[in-house]
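For reference, the structure discussed in these notes is given below.
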Amino acid sequence: MLELTRIRESKDQIAEALKVRNIDADADLAKVIALDEERRATQHQMDTELQELNSLSKEIGELFKSGKAADASELKDKTAALKENSGKLKTKLQEIEDAINEILYRIPNVPNPLVPKGNSDQDNEIVAEHGLKPTLYSGAVPHWELIKDYNLIDFELGVKITGAGFPVYRGKGARLQRALINFFLDEAIKAGYEEVIPPHLVNADSGFGTGQLPDKEGQMYHCTEDNLYLIPTAEVPITNIYRNVVLKDTDFPIKNVGYTPCFRREAGSWGSHVRGLNRLHQFDKVEIVQLSHPDKSYDTLTEMVNHVKGLLDKLELPYRVARLCGGDLGFTSALTYDMEVFSAAQERWLEVSSISNFETFQANRLKLRFKEGSDKPKLAHTLNGSALALPRIMAAILENNQTENGINIPKVLVPYTGFDKIN
RNA sequence: GGAGAGUUGGCAGAGUGGUCGAAUGCGGCAGUCUUGAAAACUGUUUUACUUAACGGUAACGGGGGUUCGAAUCCCUCACUCUCCGCCA
C-alpha cells in the first residue's frame, strides 16, 4: 500500500512510473488526494466540536462538585447539538477513510526506474546467463517420465489421497527432496540467515500485511471454519513476524530463512505446459526474507540475487537472471529478479526463484518501522526471495543429469542424499 | 468439548464514572559524581492524525451502547491463561 504522504507529495511521478505497469492511475490518485483533503477538513471540524464538548463536560463536572446542579443541567442542554454533530462527522470521516483505502488497496507498488516496459514475461530483460546447457544422450526424456521410470514421485497416488497437484514423493525421490531442503537451509545459515519454522496457516491480518489479501484471496486455500489461510509462501508468516514492530536502525540487516510447504489453488492456470513438477498445488520452498534500511535495500537485493546464483552454481544448473518488466511485476514489488534454470529435456527455462524488493509497500501495511536516533519512526524496507523452490529444481536436476545408466546427483548434494546415483 | 479468570504504556503492575495518556517499579536514554566503570542521585521516556506554530483530537484487546463525561458501567466479538476432558 502506498503511503498517503508520498501520493500527496509526488502524485505525478507516481502516475508516470505506474505507466510502466501499463496502468493509468491518474484518476485514482487525483481522487485519493481530493478525498484526503476532505478527510482533513472533516477531521478538523470534528476535533473542534469535540474540544468544545470536552471543555463543557469538564465544566459540568466542576459545577456538580460545587453543588450547582441547576447550572450544570443548563450546560447539559448545550452539549446535545455538539454530540449529534460530532457523531455525524465521525461517520463521515469513517466513510472517507474507507473510500481512500478502497483505492489505495488496488494501486500496486511504484516500479523502480530499472523496470523495463512490457506486457508479459516475453518482455522481461535477461540480465545474466550462466552455465552451459548440457547435451543429453539420444534416449533422454522429460522429468515426468524419469519420475515414473525410477519410481521417485507418484502423482496418481496423490490424486487418490488428495487430488491433482499433490504429489507423493517416495524412495530416492523423497530423499532427494529432503536433501535439497537441508542443503538450501544450510547455505542460508552460512550466509547469516536465522532459521525459523513458522506456522503454515495464517490469519487474515497476516494475509493483508504482505499483500495477499484482499487482492489475491482466491489464490489461497481458506479454512472457513477457523478463518485461516494456508500459506502460499513462507514470505507471509515470516514477514509477519515483524508486523506492528518498531526496530532500531542498528537491528539491520534482519535476515530470516524458513522452509515450508506452500499451498496454491492456481485456479484456472492449468495448461499443456504444466505437466509433472512444473506446477503444483502443494510444493516445498526455502524462502529468504530480509528487512533493510531504506538506503541499503537495493544492495540487499543484489546480495540476495548473488546468494541464489551461488546455489545454482553449486548445483551445476544452467540458469539466467531476468529483470521483470512492468507487465509481469508482482502487485507489491518495486523490482523483481526471476531466476530461471534450463531444463534440458523439456528445453525450457523454468522459474525457480523470484527475488523482490517491496520497499515500503508491505511495511506500510504491516506497520513495520524503525527508529534512527531520536527521529520519528520510519517505514523499513522488506525483501524476499525463493532460495529455492524445490519442484522445478528437481525437474532440472533429473533431466539435465540423466544418462543411459541412471541419474547423477550433483556432488554438493551427495553428503545430503547419501547416494550419488538414481538407477 | 465443560468450567472459571483475564486482556492497561518496552516489560511488570495499580487504577471501578469527572484535571487519568494513565500511579509505582523495572528496563531504556541523558546528566551529576568518578581516572574509568559500578552504585547512588537528578531529569527524561507511547503512537497516529491535525496545525506555520502554540495547541487540539484520538487510542487502556476490537466493535457498539449508556452518560454532559468511560480505562472504569452495559452488550458483543476476538484472543490469552488456569482447571477438567480428549489427544500427537
Side-chain angles (χ1 to χ4, degrees), chain A residues 1-9 32-101 103-104 197-209 213-214 222-229 237 240-252 254 261 291 360 363-380:
Chain A
M1 186 161 79
L2 296 180
E3 293 148 85
L4 205 45
T5 48
R6 183 176 172 192
I7 295 176
R8 227 187 275 166
E9 281 160 16
V32 166
I33 287 182
L35 283 166
D36 183 44
E37 271 165 27
E38 200 186 343
R39 189 199 107 237
R40 283 142 85 188
T42 307
Q43 168 139 25
H44 188 256
Q45 203 186 334
M46 185 182 79
D47 284 356
T48 310
E49 307 219 352
L50 285 175
Q51 185 183 354
E52 215 170 309
L53 199 57
N54 285 345
S55 71
L56 279 176
S57 294
K58 206 173 256 183
E59 269 184 65
I60 291 171
E62 277 157 18
L63 287 173
F64 267 117
K65 260 188 198 161
S66 53
K68 297 173 184 161
D71 294 350
S73 66
E74 204 172 295
L75 279 183
K76 270 194 204 177
D77 297 340
K78 290 170 71 178
T79 60
L82 284 171
K83 258 182 92 172
E84 197 195 334
N85 210 7
S86 63
K88 278 184 193 159
L89 288 168
K90 188 183 172 190
T91 309
K92 186 181 172 196
L93 191 64
Q94 190 58 54
E95 283 166 6
I96 295 170
E97 281 172 359
D98 289 349
I100 291 173
N101 284 334
I103 298 173
L104 286 183
I197 301 179
H200 298 170
L201 276 75
V202 294
N203 58 31
D205 283 346
S206 294
F208 176 79
L213 294 175
H222 187 194
C223 307
T224 51
E225 189 83 359
D226 301 287
N227 197 25
L228 295 173
Y229 296 85
N240 271 283
I241 292 172
Y242 305 97
R243 171 153 49 87
N244 272 319
V245 165
V246 182
L247 301 160
K248 285 191 226 134
D249 61 328
T250 49
D251 293 334
F252 294 127
I254 288 182
L291 310 186
T360 58
N364 190 29
R365 291 184 166 202
L366 292 161
K367 296 195 179 14
L368 161 52
R369 294 167 296 171
F370 71 99
K371 264 185 114 125
E372 205 159 20
S374 57
D375 290 356
K376 287 188 72 171
K378 287 193 292 189
L379 294 173

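Numbered from 1 within each chain, the chains take letters A, B, ... in sequence-line order.
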Legend entry - Between A58(B) and C75(B) - C1' atom distance, rounded Å: 23 Å
Inset, instruction - Could you check which nucleotide pairs with G31(B) in any of the strands shown, counting Watson-Crick or G-U wobble with both distances under 3.5 Å? - result: C41(B)
Legend entry - Watson-Crick or G-U wobble partner of G6(B), both distances under 3.5 Å: C79(B)
Legend entry - Interatomic distance, Leu366(A) CG vs A48(B) P [rounded to whole Å]: 16 Å
Legend entry - Rounded distance (Å) that lies between atom P of G28(B) and atom CG of Asp251(A): 16 Å
Inset, instruction - Provide, to the nearest angstrom, the distance between the CG atom belonging to Asn244(A) and the P atom belonging to A48(B). - result: 12 Å
Inset, instruction - Take the protein atom CD of Glu97(A) and the nucleotide atom P of U50(B), then report the distance between them rounded to whole Å. - result: 10 Å
Legend entry - Test item: Arg39(A) side-chain N/O and Glu97(A) main-chain N/O as donor-acceptor pair under 3.5 Å: no
Legend entry - Lys371(A) side-chain proximity, nearest of U47(B), A48(B), C68(B): U47(B)
Inset, instruction - Provide the distance between the two C1' atoms, one in A23(B) and one in U16(B), to the nearest whole Å. - result: 16 Å
Legend entry - Rounded distance in Å - CG (Asn203(A)) to P (U80(B)): 11 Å
Legend entry - Any side-chain donor near an acceptor of the partner, Ser206(A) and Asn203(A), under 3.5 Å: yes
Inset, instruction - Using both distances under 3.5 Å as the test, list the Watson-Crick or G-U wobble partner of G1(B), or none. - result: C84(B)
Inset, instruction - Produce a footprint string for nucleotides 52-66 of chain B: one letter per nucleotide, 5' end first; B if the base is under 4.0 Å from any protein heavy atom, S if only the sugar-phosphate is, - if neither. - result: ----BSS--------
Inset, instruction - Quote, to the nearest angstrom, the P distance that separates G55(B) from C60(B). - result: 24 Å
Inset, instruction - Look at the side chain of Asp251(A) and the backbone N and O of Lys248(A), then say whether any donor-acceptor pair between them is shorter than 3.5 Å. - result: yes
Inset, instruction - Identify, between Arg40(A) and Pro377(A), the residue whose nearest nucleotide on RNA chain B lies closer to the 5' end. - result: Pro377(A)
Legend entry - Between C41(B) and U24(B) - P atom distance, rounded Å: 15 Å
Inset, instruction - Tell me the partner of A58(B), counting only Watson-Crick (N1-N3 plus N6-O4 or O6-N4) or G-U wobble (N1-O2 and O6-N3) with both under 3.5 Å; none if nothing fits. - result: U47(B)
Legend entry - Side-chain donor-acceptor pair present, Gln51(A), Asp47(A), cut-off under 3.5 Å: no
Inset, instruction - Give Ser57(A) one of three labels, base, sugar-phosphate or nothing, depending on what nucleic acid heavy atoms sit under 4.0 Å from its own. - result: base
Inset, instruction - Searching all strands shown, indicate the nucleotide that pairs with U67(B) (Watson-Crick or G-U wobble; both distances under 3.5 Å). - result: none
Inset, instruction - Mind telling me whether Tyr229(A) and His222(A) have parallel, tilted or perpendicular rings, with 30° and 60° as the class edges? - result: parallel
Inset, instruction - Please round to the nearest 0.5 Å and tell me the distance separating atom CG of Leu368(A) and atom CG of Leu379(A). - result: 7.5 Å
Legend entry - Inter-nucleotide C1' distance (U82(B), C77(B)), Å rounded: 22 Å
Legend entry - Stepwise side chain to side chain contact (heavy atoms under 4.5 Å, CB included) check, Ile7(A) with Ile33(A): CA-CA 8 Å; Ile7(A) 295 176; Ile33(A) 287 182; 4.0 Å; yes
Legend entry - Gap between atom OG of Ser86(A) and atom NZ of Lys83(A) - 0.5 Å precision: 8.5 Å
Legend entry - Pairwise P distance for U80(B) and U66(B), with rounding to whole Å: 31 Å
Legend entry - Contact under 4.0 Å: Arg369(A) side-chain N or O vs U47(B) OP1/OP2: no
Legend entry - Pairwise side-chain contact, Glu38(A) with Lys92(A), heavy-atom cut-off 4.5 Å (strictly under): yes
Inset, instruction - Grab the CZ-P distance between Arg39(A) and A48(B) for me, whole Å please. - result: 13 Å
Legend entry - Whole-angstrom distance between C81(B) and U76(B), as gauged at atom P: 24 Å
Inset, instruction - Assign each of Lys376(A) and Asp226(A) to its nearest nucleotide of RNA chain B by heavy atoms, then name whichever residue's nucleotide is nearer the 5' end. - result: Lys376(A)
Inset, instruction - Rounded to whole angstrom, note down the P distance from G61(B) over to A3(B). - result: 25 Å
Legend entry - Integer-rounded Å distance: G18(B) P and Leu53(A) CG: 18 Å
Legend entry - Nucleotide G69(B), atom P - distance to CG of Asp77(A) in whole Å: 13 Å
